[in-house]
Each structure stands twice: as structure tokens, then as C-alpha cells.
**Student:** 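Got a structure here, written out as C-alpha cells. Questions coming.
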Amino acid sequence: MATAGASPDVPRVAARARLREVARAGAPVVLARERCLEVPGPLGEVVPGLRRGAVVAVEGPPSAGATSLALGLVAAASAAREWAAAVDGSGTLGGLAAIAAGVDLARFAVVRDVPGDRWAAVVAALLDGMSVVLAEVPRGVRVADARRLVARARERDTVLVTLGAWPAAATLRLHAEGGVWTGLGAGDGVLTARELAVRVEGPGAPVRGHVAIAV
Amino acid sequence: MAARTLCLWCPDWPVVAARLRGDGPTDAPVVVLAQGRVLACSAEARAHDVTIGLRRREVEVRAPGVVVLEVDPAGDARAFEPVARAVEALAPRLALERPGLLSFPTRGPSRYFGGDEALVARVLDVVRDTAVPDARVGVADGVFAARLAARRGVLVPVDATPTFLAPWPVGALGDEDLASLLCRLGLRTLGDFAALPPGAVLARFGARGLGVHRLARGEDEHPPALTTPPPDLVEVCELDPPAARVDAAAFVAKALADRLLERLAAVGLACTHVVVEAETEHGEHLARGWRHEGALTAATLAERVRWQLDGWLTETGGLTGGLALLRLVPEQVIPATGRQLGFWGGDAAAADRAARVLARVQGILGPEHVVTAVPQGGRTPLERVRWVPWGEPREAQRPVDAVAGPVSTETPDWPGTVPGPSPARVFAVAPRAVLLDAAGEAVTVSSRGEPSAPPARLVSPVLPGGGGEVGAWAGPWAQDVRWWDRRARARRSYWQVVVGETACLVRVERGEAAIEALYD
């Protein structure tokens with residue numbers, strides 16, 4: 001055993017390094033993937049995981065594929081057998097599309113026809129008990145309300161997926177940029193698939209990807 | 001030994017309340033439905049063989065001219081408030097189980113009025129003064145036995161409760177599954193069941209069975225809790241400004257109820273009897289107990305508190321001001337045994353949390369605003385999903401597979417189903433559109449399913465840019481739906497149309513086009 005003073009630093013530094021190594025092996029491990037919800041399907045190649053407590057803003061012009069992207073993110077909760085809810089302002093969310101995206105309907109609730117003044121309260125309530133909340137952003141949401149929801153999502157470790165123009169900060173922004181439909185001709189064939197262009201703005205450099213929405 | 005209890009029962013209270021409100025006529029048969037089945041019926045209806053649990057159509061067949069009403073629990077509670085108030089003048093600590101049924105321990109009041117008989121007479125007197133046509137009173141040891149005694153309107157002598165209970169059928173226990181099992185085992189009456197040794201009952205039927213066995217023997221379902229609830233479990237909330245409207249007060253009460261049950265659960269307790277207390281801005285003090293046979297859940301507790309507040313705030317001559325303080329006091333607590341976490345982790349806890357959150361949202365917006373999708377049979381994206389209010393049974397209205405045949409792993413689509421991916425936006429009320437051919441004429445579909453011309457242009461406000469030239473299309477898928485029913489018959493055809501980069505499903509019905517779904 002080396003004592004202080006006799007051979008001062010070299011053995012002590014080595015011992016410390018070894019000790020750290022042992023401690024690391026013994027420490028309880030929190031895997032990054034446990035703090036993450038894995039996104040299934042083709043969307044998972046563009047957005048591999050949703051960190052709990054994150055806000056993901058999905059934006060895009062109408063019928064450019066934003067709804068399909070948002071449903072694909074909700075499916076991350078179903079893949080982990082957890083609960084999800086959607087606030088559907090217009091009451092037009094397609095149930096079959098949710099199934100196709102991989103959403104487990106038994107663990108998926110939809111809140112419809114929310115008056116504008118209660119929207120923030122409803123989303124805040126849902127953030128308390130769900131793993132993923134998909135919220136369609138109505139027109140004229142106050143920035144203060146949006147910021148409060150971001151804080152709430154972080155505090156409750158719930159993923160908030162917003163659909164539409166989101167006025168506050170977001171961990172990740174997905175822009176649906178549309179894409180060409182295939183399978184349909186002039187009077188023949190049926191719609192089969194769409195190659196959807198997605199632009200991801202995240203903490204790193206912006207990523208562009210393509211997601212195939214298939215039959 | 002269970003405490004001696006008096007139980008007051010007003011039969012068919014939903015019907016009585018409806019008549020007091022003026023909703024139901026007093027000279028015709030009246031039936032009150034809850035979720036499509038008979039909850040209560042008047043004596044006139046019963047004379048036509050109407051029984052509890054029938055469906056609406058059966059009722060209308062059996063009793064022509066019957067007045068069918070939907071249940072209104074808040075209205076029932078409001079109508080019962082005067083009765084509760086009249087009885088409260090005789091006996092404190094009364095507890096309501098539901099509107100129309102209340103009970104209280106008789107020890108003090110009996111001694112004061114000179115015996116159980118005198119007390120019963122007093123109670124019947126004051127209830128008759130409140131214009132309630134039929135009220136029955138029973139006295140026995142324990143709430144359960146008192147409730148059965150009230151059905152017969154008898155006064156069971158002290159210590160005779162087990163003998164009184166013995167001939168009742170096991171169905172009286174109110175647990176259908178257990179009752180049917182006991183019948184199959186040859187135990188048809190409470191006396192038969194009570195004769196079993198408690199240890200054997202616990203081993204065979206579990207904790208719930210033991211509780212029911214205690215009832216059958218004339219004891220309380222839960223042994224008296226040795227721990228009195230610590231006073232810090234009382235939940236108080238001051239309302240500033242004072243609440244004069246029911247919904248304002250009820251909203252606060254909901255949060256209060258959630259908090260109370262959360263704190264009780266944290267110390268491993270469940271609540272079977274809670275006292276709702278309120279103070280008005282002028283210092284009036286109100287209190288009323290509510291009891292529940294099982295344990296009160298957040299939803300049932302909040303519902304009862306709402307009924308009570310409704311009764312206090314809307315009953316005329318009740319209060320001089322708004323409510324300034326609200327208090328929930330757990331009067332009787334039992335060890336919580338009914339909660340079990342999922343085997344592989346906290347799945348049940350997460351489900352519980354989700355259910356609580358959804359119930360809260362339903363409280364904010366109304367129950368029909370929170371829905372869940374159930375896939376069902378049909379041809380169009382709109383038909384193939386049924387949206388059910390959260391909490392109601394997830395049942396499809398139409399079978400998913402249309403053809404009965406050899407079992408296949410894939411459920412076959414209904415004939416005429418529009419193929420392809422499922423649209424992410426489905427309009428229940430389809431926005432109008434115009435589908436034109438190259439010559440500028442509207443595209444129509446003949447009764448043989450043949451289009452007049454290929455579509456060339458689609459115009460609709462929901463499309464980006466208001467529509468445009470049709471890039472690609474397929475169809476029509478012609479459907480002749482319910483051709484045997486003249487009123488429900490629909491002849492329509494569907495087109496898949498791509499305009500620019502937007503794909504949509506267009507419906508043409510009676511020469512008019514509409515956008516039924518968008519592939520967003």
C-alpha cells in the first residue's frame with residue numbers, strides 16, 4: 001500500500017482511475033433509451049426516439065402529410081404499451097389512419113370540439129396522465145399558454161406533439177413538405193403509397209428525410 | 001355487532017323525482033331509463049309487466065302510451081334534498097347512499113324519542129309532510145340488514161337480525177357473479193351461506209367473499225377500523241370569491257375529491273363514508289354524509305359532492321349566500337385492498353392515472369367530448385370507425401367481417417370498400433366540392449355505376465389553392481347501401497382523386513360531390 005509522501009502521485013492517480021472504473025460498473029445504470037420512446041415504422045429512421053418531456057412541433061401546409069407524421073409519433077406510446085391522447089379541434093382525425101400508423105386504440109383517447117378558451121387547460125390536464133399527447137393547435141393560442149405547456153410537459157415527463165403553427169419553443173420541429181402519390185393513374189390503379197419529404201430541425205444540424213407512407 | 005341502523009327508502013325515486021319536477025305525468029305509466037335500460041318504473045308501468053333492466057323497445061311494446069324519460073341523477077338528488085333535510089332535523093349523522101336511500105345510526109335518536117317504534121313513526125311523519133308519496137322505513141343491525149328491512153318496512157328486534165336475513169335469497173347481496181356461483185353450489189339463501197365457516201369462505205371466495213359473508217351473518221362488511229382517520233386527511237378549500245353557481249363549486253370539489261383520495265391512498269386507506277361540509281359567506285354551516293357500498297372512487301365521490309352542492313345551491317329557501325368554504329371529511333375509512341399493480345410493472349398504475357385524467361377532461365368538457373375509436377364493419381373510412389364516449393363499452397355496431405366463411409387470418413373487407421391507405425382526415429360532415437369533366441360539366445354516375453365522363457377538375461375550399469386540375473384518379477366505386485330500406489337507402493359513388501400533391505376521397509351522391517376524406 002502506497003502511503004502519501006513516499007511515492008506521492010503516480011500510484012494514487014492510478015488507484016483513483018481504477019476506483020472510478022469499478023464505481024461506474026457498479027452504479028445503477030439509467031439507459032438513455034429508457035428515457036426515450038422509440039418511434040416505430042419508417043418514421044423511426046428520421047426520428048429515432050422521443051425523449052420524455054420533449055415538445056415536438058409538427059408543421060406543414062394542409063394535406064402535406066403533417067397529420068400522418070403526428071400519428072406516427074403517437075404510435076411511439078403504443079409501441080411501449082403506454083397511453084396517448086389527442087386533442088382534435090376539428091373532430092376529423094381518422095381512426096383507421098391511427099391504426100395504420102400503429103396506434104393501439106384501447107390506449108388512445110381523442111378529445112373533440114374543445115372551445116378555444118379551454119384548450120390550454122385540457123392539454124395541461126392530459127399532460128398529467130399520458131405518455132404522449134397530440135394537440136392540434138388552434139388559431140390564436142397565446143404564447144404564454146404555449147410556454148406553460150412546454151414547462152408542464154417537461155415537468156410531467158410527457159411528450160407533447162403539437163400539430164399546426166406552434167408559437168413557443170420545441171425540442172424538435174418536423175416540417176411535412178408533401179410528396180408525390182404513387183399507384184394512381186388516369187382512371188386505373190389505386191392509391192398505394194406516398195414518399196413524404198420531412199425536414200427535421202433539432203438540436204443538431206437540420207436533417208432531411210423521406211418517409212414512405214405505404215398501404 | 002353491527003350498529004343499529006334505520007334505513008329510509010323511497011321506492012322508484014327517479015320516477016317520483018321526475019313527477020315532482022313535473023316531467024312525468026302522474027296518471028300515466030312512467031319509465032326512467034339509464035343507458036337504454038329501465039332503471040325505475042312507476043306502479044302503472046309495473047302493472048303492464050315492465051321490469052327493471054328491460055330495453056326501451058320492449059317497454060313500449062308492453063306498456064303502450066308509456067312516458068319514457070332519461071335518468072337525471074342531479075335532478076333526483078336535488079329532489080331528495082328536502083327529504084334529507086326533514087329527516088336531518090330528527091337525527092344527525094345521516095348518510096345518503098343514493099338519492100332515495102338514506103340511513104343513520106339510531107342509538108341516540110331512539111333514546112331521545114323513546115324507542116325505535118316512536119322514532120320510525122316520527123320519521124314517517126316528517127317524510128309524509130314533504131309530499132313524498134311512498135316511503136318505507138326499516139330498522140335492523142347494520143346498514144345492509146336495515147336496507148332489506150326497509151324493503152319490507154319492518155322493524156327487526158334487537159339481536160334478531162341473523163334470523164331476519166336467513167330466508168333472503170343470495171341475490172340480495174347485490175353481487176350477481178357471486179350470487180350465481182352460490183346458487184350453483186346449492187347455497188340459495190343468506191342463511192345457507194352464513195352457516196359456512198368464515199375461514200373456508202375466505203379460502204374459496206377471497207377477501208370480497210369474506211366481506212359478503214359478514215353481511216350475510218348480519219355484521220358490517222368491513223370490521224370496525226381500529227384506526228380513526230387522522231385529522232390531517234380532511235381536505236379544505238376556501239372559495240374566494242364565494243361560489244353561487246353549482247358548476248363553479250363542483251369544479252373545486254372535484255379537485256378536492258381527487259386530492260382527498262390521493263392522500264388516503266398514500267396511507268393505504270379507502271373511504272366508504274364521507275361528509276361534505278360547506279360554509280356560506282354568511283356563516284351558515286351545512287354538512288351531509290354520503291356512503292358507498294364499495295369504496296368511493298374519485299368519480300363517484302365527485303359525483304356525490306356535485307349532487308349535494310346542487311341540492312344546497314338550487315333548493316329554494318336554502319342559502320342566503322354563495323359557498324365560501326368546502327370541506328371533505330373522511331368519516332369511515334377501511335384498508336385499501338382492491339388495488340393491485342400489474343405483474344410486469346406499473347401498467348395498472350399508468351392506466352389508473354390515464355383514466356383519472358380522462359375523467360377530469362370529461363368533467364371539464366362533458367363526457368361526449370372524450371371519445372375512443374372502435375373499428376367496425378363498413379365501406380367508407382367514416383363508416384368503418386365508431387367513436388364511443390370514453391368509459392362506455394367499446395362495441396362495434398356492425399361486424400368487421402362481412403362474410404361468414406372459413407376463418408382467415410385477415411378479416412376480409414366489405415364488398416365495395418374503397419381500397420388503399422386510410423385517410424388521416426375524415427369529415428363527418430363532408431365539405432361541398434365540385435367534380436367537373438373536361439367539358440366543364442359535373443361528373444355523375446349512372447345507376448349501373450358508369451361515370452358520365454372522366455373527372456378533370458376538382459374544386460373545394462378545403463383543398464390547398466381551392467382545388468385544381470385532376471392529376472390522377474380512380475373510381476368510381478359505386479355503392480347501393482341498404483336498398484331494402486326506403487328511408488336509409490343511399491346510392492353513392494366514390495372517387496380517389498389526386499390534385500397536385502393532395503389526395504382525397506370524393507363522394508358523389510344525388511349528383512352532388514363532397515370531399516369525404518383527405519389523405520393528409
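Chain naming here is simple, since letters A, B, ... match the order of the sequence lines and numbering starts at 1 in each. Just so we're clear, the structure is a prediction, and the values are computed from it rather than from any experiment. Quick note: numbers below take in every heavy atom, side chains included, and nothing from hydrogens, waters or symmetry partners.
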**Student:** Ion pair present between B/D520 and A/R194, side-chain N to carboxylate O less than 4.0 angstrom?
**Tutor:**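 No, B/D520 and A/R194 are not salt-bridged.
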**Student:** For a 4.5 angstrom cut-off between non-hydrogen side-chain atoms, does A/T92 reach B/V426?
**Tutor:**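 When only atoms from C-beta onward are counted, B/V426 and A/T92 do not touch, as no gap falls below 4.5 Å.
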**Student:** If you count heavy-atom pairs under 4.5 Å with chain B, which of A/L71, A/L105, A/V103 comes out on top?
**Tutor:** A/L105
**Student:** So, for A/S68 and B/A424, which heavy atoms are closest and what is the spacing to 0.1 Å?
**Tutor:** OG-CB, 4.0 Å
**Student:** For a 4.5 angstrom cut-off between non-hydrogen side-chain atoms, does A/P61 reach B/P464?
**Tutor:**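 No, side chains not in contact.
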**Student:** Is B/P421 close to A/T192 at the side-chain level, that is, under 4.5 Å between some pair of heavy atoms?
**Tutor:**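 Contact flag for A/T192/B/P421 side chains = no.
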**Student:** Before accepting this row, confirm whether a basic side-chain N of the pair B/R360/A/D128 lies closer than 4.0 Å to the acidic partner's carboxylate O.
**Tutor:**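 A salt bridge is present here (some side-chain N lies under 4.0 Å from a carboxylate O).
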**Student:** Can you name the salt bridge (Lys or Arg N to Asp or Glu O under 4.0 Å) partners of B/R245, sequence neighbours left out?
**Tutor:** B/D247
**Student:** Heavy-atom distances under 4.5 Å only: say whether B/W495 touches chain A with side chain, backbone, both or neither.
**Tutor:**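 It is neither, since no heavy atom gets under 4.5 Å.
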**Student:** Give the member of A/D188, A/V110, A/V114, A/V122 that has the highest number of heavy-atom pairs under 4.5 Å with chain B.
**Tutor:**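 The candidate making the most pairs under 4.5 Å is A/V110.
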**Student:** Could you please spell out the steps behind the side chain to side chain contact (heavy atoms under 4.5 Å, CB included) verdict for A/F108 and B/T372?
**Tutor:** CA-CA 7 Å; A/F108 180 58; B/T372 172; 5.9 Å; no
**Student:** Closer than 3.5 angstrom, by distance alone: can the side chain of B/E501 be matched with the main-chain N or O of A/G178 as a donor-acceptor pair?
**Tutor:**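 No: the side chain of B/E501 does not pair with the backbone of A/G178.
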**Student:** Taking atom CZ of A/R112 and atom CG of B/L365, what is their separation to the nearest 0.5 Å?
**Tutor:**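 Spacing of CZ (A/R112) from CG (B/L365) equals 13.0 Å.
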**Student:** Salt bridge check: are A/E136 and B/R425 linked by an N-O gap of less than 4.0 Å?
**Tutor:**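 A salt bridge is present here (some side-chain N lies under 4.0 Å from a carboxylate O).
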**Student:** Main chain of A/V190, side chain of B/Q496: is a donor-acceptor contact present, judged purely on distance under 3.5 Å?
**Tutor:**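 Not at all, since once roles are kept as given, no pair shorter than 3.5 Å links the two residues.
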**Student:** How long is the span from the CG atom in A/L191 to the OH atom in B/Y519, to the nearest 0.5 Å?
**Tutor:** 5.5 Å
**Student:** Do any N or O atoms from the side chain of B/R353 and from the backbone of A/M130 form a donor-acceptor pair under 3.5 angstrom?
**Tutor:** no
**Student:** Going by salt bridge (Lys or Arg N to Asp or Glu O under 4.0 Å), name the pairs with one or both residues in residues 455-474 of chain B, residues two or more places apart or in two chains.
**Tutor:**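 Those involving residues 455-474 of chain B are B/R457-B/E469.
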